[in-house]
Enquirer: 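Next up is a structure, given as structure tokens.
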Amino acid sequence: MKSAVETLNPTRVRLTVEVPFEELKPSLDAAYKKINQQVTVKGFRQGKIPARVIDQRFGRGAVLEEAVNDALPKFYTEAVNEGELNVLGQPEVDITELKDGELLAFTAEVDIRPALEIPDYSGIEVEVDAVEVSDEDIDKSVEQLRERFATTAPVERAAQDGDVLTLNLEAKVDGEVLEDGVAEGVSYTVGSGELLDGIDEAVTGVAAGDSATFTSELKGGSAEGKEAEVKVEVTEVKSRELPELDDDFAQLASEFDTLEDLRADSRKRLAQMKKYDQATQAQEKVLDELLKLVEVPMPEKLLADEIETRKHNLVNHQLGQMGLDLAKYLEIQGKSEEEFDAETKEQAEKGIKTQFILDELVNKEKLNVSQEELTEHLMRRAQSSGMSPDQFAQAVVEGGQVPMLVGEVARGKALAVVVEAATVKDSNGEVIDLDDEDETAETVDAEAAEAADADEKPEV
């Protein structure tokens with residue numbers, strides 16, 4: 001076999017391959033054997049039909065087509081290896097010549113990873129938010145905990161902000177009650193804004209046993225988006241009572257004996273979270289600066305595929321689970337389709353550039369991934385997916401995604417090398433040492449994972 005490589009642009013090449021016919025013999029033999037198992041010819045046992053009979057009955061062309069389809073991947077791979085190419089995606093193959101008994105020739109155009117020059121990145125300098133925990137931050141944290149231990153009790157008065165109501169709802173469009181527009185025994189907190197626009201104003205001042213009517217645009221159901229006349233009947237009013245902020249509350253809501261100790265723990269936890277946020281912010285800003293330093297040619301087909309994948313995942317997975325289509329999502333976001341396409345393209349380009357640059361750094365810095373590092377990464381991914389580590393590991397192996405996980409870990413290590421070399425200052429001008437952030441990040445990650453949704457969803 002002979003092959004040559006022609007560079008079409010920095011991210012695409014054309015392979016020209018010529019294969020002597022004798023090198024097709026193994027694939028020809030396999031083609032005859034496969035056809036033998038699929039057809040029957042009177043006078044011959046299945047699997048024992050001579051090649052000349054197959055040629056006569058089914059045509060030599062059918063055999064050659066089967067043999068070439070079998071052989072092309074092997075010869076293409078050999079040509080890629082011979083040319084020492086780092087290919088991306090599937091090639092576009094064109095058979096240019098096929099002479100029975102003489103020669104097979106074909107071309108293959110394929111995207112390749114561009115050659116990158118990584119400049120000195122030690123001069124990168126970024127600024128991040130300072131870690132400052134105010135008394136107001138602690139007050140807010142303790143108040144959120146206090147809200148979780150609120151109790152409710154029925155009251156004989158009209159509803160007011162913060163009350164918990166039990167409601168019956170009936171929605172009409174054009175004077176007709178909707179089949180799916182009736183609900184009874186709905187629990188609702190006044191002021192939460194969780195049901196329909198206008199409901200808070202309608203129920204405020206209404207006592208148990210009374211009703212009110214208001215107009216609102218329906219957010220779901222058979223008449224989604226239409227204006228409806230909604231009748232809301234209040235069947236019960238409950239007031240929310242918050243526990244006193246004292247030592248008794250601290251003992252009820254935590255493992256601490258005093259409110260002072262509870263507040264001290266809140267300060268510590270908030271500081272840990274802000275340190276983790278600071279480390280994440282440093283990584284993002286250093287990466288942005290690194291991307292500015294490196295010129296990355298963009299493979300057009302790879303970019304188009306990435307854009308299509310991102311759109312597909314958004315529409316069919318994330319929005320689908322939320323009961324939205326793309327048009328409704330764009331309306332909620334206040335974006336045009338052109339703006340959405342531009343943002344998606346920008347995000348796809350950044351993702352591809354990031355992977356190319358970090359992969360190049362992995363090679364340049366000779367970074368390896370240990371089994372322990374891979375296991376730790378797998379555990380974190382399992383947590384975020386909502387699967388057990390064993391289930392996630394089995395899915396990864398069966399899906400052939402182990403190399404993908406190894407790549408993720410290696411790129412993370414490459415970014416860490418750049419962050420370590422960069423100068424990171426906080427908004428007070430103090431240089432930040434991120435070496436002690438690992439334990440903080442793991443702690444916060446573990447806590448966040450308990451409440452994290454398995455799938456990232458767009459904000460709406």
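FYI, the numbering just counts along the sequence from 1.
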Enquirer: For the residue pair Ser222 and Asp180, confirm or rule out a side-chain donor-acceptor distance under 3.5 Å.
Expert: yes

Enquirer: Salt-bridged, Lys425 to Glu125, with N to O below 4.0 Å?
Expert: yes

Enquirer: Indicate the atoms forming the closest heavy-atom contact of Glu82 with Ser3, along with that distance.
Expert: OE2-OG, 2.7 Å

Enquirer: Would you say that Val110 contacts Glu92 through its side chain, given a criterion of any heavy-atom pair below 4.5 Å between the two side chains?
Expert: no

Enquirer: Please say whether more than 12 non-hydrogen atoms of neighbouring residues, nucleotides or ligands are located less than 6.0 Å from CD in Glu295.
Expert: no

Enquirer: Do Val294 and Glu117 make a side-chain contact, defined as non-hydrogen atoms from C-beta onward lying under 4.5 Å apart?
Expert: no

Enquirer: Give the minimum heavy-atom separation between Arg411 and Asp359, together with the two atoms involved.
Expert: NH1-OD1, 2.8 Å

Enquirer: Hey, are Glu289 and Lys285 close enough for a salt bridge, meaning a charged N less than 4.0 Å from a carboxylate O?
Expert: no

Enquirer: If I compare all heavy atoms of Ala348 with all of Arg310, which pair ends up nearest, and what's the gap?
Expert: CA-NE, 3.6 Å

Enquirer: Where the side chain of Glu339 meets the backbone of Ser336, is there a donor-acceptor pair that is under 3.5 Å apart?
Expert: yes

Enquirer: Would a distance-only check, ignoring hydrogens and angles, find a side-chain to backbone donor-acceptor pair under 3.5 Å from Ser216 to Asp197?
Expert: yes

Enquirer: Just by distance, no angles: are the side chains of Asp341 and Thr344 close enough, under 3.5 Å, to form a donor-acceptor pair?
Expert: no

Enquirer: For Asn368 and Glu373, test the side chains for any donor-to-acceptor distance below 3.5 angstrom and give the result as yes or no.
Expert: no

Enquirer: Report the C-alpha distance between Asp120 and Ser122 in whole Å, list the side-chain angles of each, state the deciding distance to 0.1 Å, and finish with yes or no for side-chain hydrogen bond (donor to acceptor under 3.5 Å, both in side chains).
Expert: CA-CA 6 Å; Asp120 180 18; Ser122 60; 2.8 Å; yes

Enquirer: For the pair Lys226 (side chain) and Val173 (backbone), establish whether a donor and an acceptor sit closer than 3.5 Å, ignoring hydrogens and angles.
Expert: no

Enquirer: If you measure from CG on Leu314 to CG on Leu326, what distance do you get to the nearest 0.5 Å?
Expert: 6.5 Å

Enquirer: I'd like to know if Lys292 pairs up with Asp288 as an ion pair, taking the criterion as any Lys NZ or Arg NE/NH1/NH2 lying under 4.0 Å from an Asp or Glu carboxylate oxygen.
Expert: no

Enquirer: Output yes when Asp111 and Arg12 qualify as a salt bridge under the 4.0 Å nitrogen-oxygen rule, no when they do not.
Expert: yes

Enquirer: My understanding is that only one of Val128, Val418, Thr423 makes a side-chain contact (heavy atoms from CB on, under 4.5 Å) with Val286; could you say which?
Expert: Val418

Enquirer: Give the intermediate values and the outcome of side-chain contact (heavy atoms from CB on, under 4.5 Å) for residues Lys2 and Val17.
Expert: CA-CA 6 Å; Lys2 294 190 299 183; Val17 183; over 6 Å; no

Enquirer: Tell me whether Glu78 at atom CD has more than 12 heavy atoms from other residues, nucleotides or ligands lying less than 6.0 Å away.
Expert: yes

Enquirer: Can you find a side-chain donor-acceptor pair between Thr11 and Asn9 that sits under 3.5 Å?
Expert: yes

Enquirer: Looking at Arg146 and Glu143, is any side-chain nitrogen of the basic one under 4.0 Å from a carboxylate oxygen of the acidic one?
Expert: yes

Enquirer: Should we say atom CG of Asp174 is surrounded by more than 12 heavy atoms from elsewhere, each under 6.0 Å from it?
Expert: no

Enquirer: Can you confirm whether Glu6 sits close enough to Val13 that some side-chain heavy atom of one is under 4.5 Å from a side-chain heavy atom of the other?
Expert: no

Enquirer: Begin from the C-alpha positions of Ser134 and Asp137 and carry the test side-chain hydrogen bond (donor to acceptor under 3.5 Å, both in side chains) through to its verdict.
Expert: CA-CA 5 Å; Ser134 66; Asp137 292 331; 3.2 Å; yes

Enquirer: Can you establish whether the number of heavy atoms outside Lys345 located under 6.0 Å from its atom NZ is more than 12?
Expert: no

Enquirer: Would you say the side chain of Asp129 lies within less than 4.5 Å of the side chain of Gln278, judging by non-hydrogen atoms?
Expert: no

Enquirer: If we ignore angles and hydrogens, is there a donor and acceptor under 3.5 Å between the side chains of Tyr188 and Asp200?
Expert: yes

Enquirer: State whether Glu343 and Lys335 are salt-bridged, where the test is any N-O pair (Lys NZ or Arg NE/NH1/NH2 against Asp/Glu carboxylate O) under 4.0 Å.
Expert: yes

Enquirer: Restricting to non-hydrogen atoms, name the atom on Lys99 and the atom on Phe21 that form the minimum distance, rounded to 0.1 Å.
Expert: O-CD1, 3.5 Å

Enquirer: Decide side-chain contact (heavy atoms from CB on, under 4.5 Å) for Leu287 and Thr354; before the verdict, give the C-alpha distance in whole Å, the side-chain angles of both, and the deciding distance to 0.1 Å.
Expert: CA-CA 8 Å; Leu287 176 59; Thr354 298; 3.9 Å; yes

Enquirer: Where is the tightest heavy-atom contact between Glu132 and Lys274, given as atom of each residue plus distance?
Expert: O-NZ, 2.8 Å

Enquirer: Val369 pairs by side-chain contact (heavy atoms from CB on, under 4.5 Å) with which of Leu405, Val362, Leu374?
Expert: Leu374

Enquirer: Are the side chains of Leu330 and Glu337 in touch, meaning some heavy atoms are under 4.5 Å apart?
Expert: yes

Enquirer: Looking at every non-hydrogen atom in both residues, tell me the closest pair between Pro297 and Phe356 and how far apart they are.
Expert: O-CE1, 4.4 Å

Enquirer: Check this for me, if you would: do Arg381 and Glu408 make a salt bridge, where the nitrogen-to-carboxylate-oxygen distance has to be below 4.0 angstrom?
Expert: yes

Enquirer: Considering only heavy atoms from C-beta outward, does the side chain of Ser27 approach that of Val68 to under 4.5 Å?
Expert: no

Enquirer: Using a cut-off of 6.0 Å, state whether more than 12 heavy atoms not belonging to Glu22 lie near its atom CD.
Expert: yes

Enquirer: Quick check on Glu97: does its CD atom have over 12 non-hydrogen neighbours (other residues, nucleotides or ligands) under 6.0 Å away?
Expert: yes

Enquirer: Within the distance-only criterion (no hydrogens, no angle test), does the side chain of Ser427 pair as donor or acceptor with the backbone N or O of Ala130 below 3.5 angstrom?
Expert: yes

Enquirer: Heavy atoms, side chains only, cut-off 4.5 Å: are Glu18 and Met1 in contact?
Expert: no

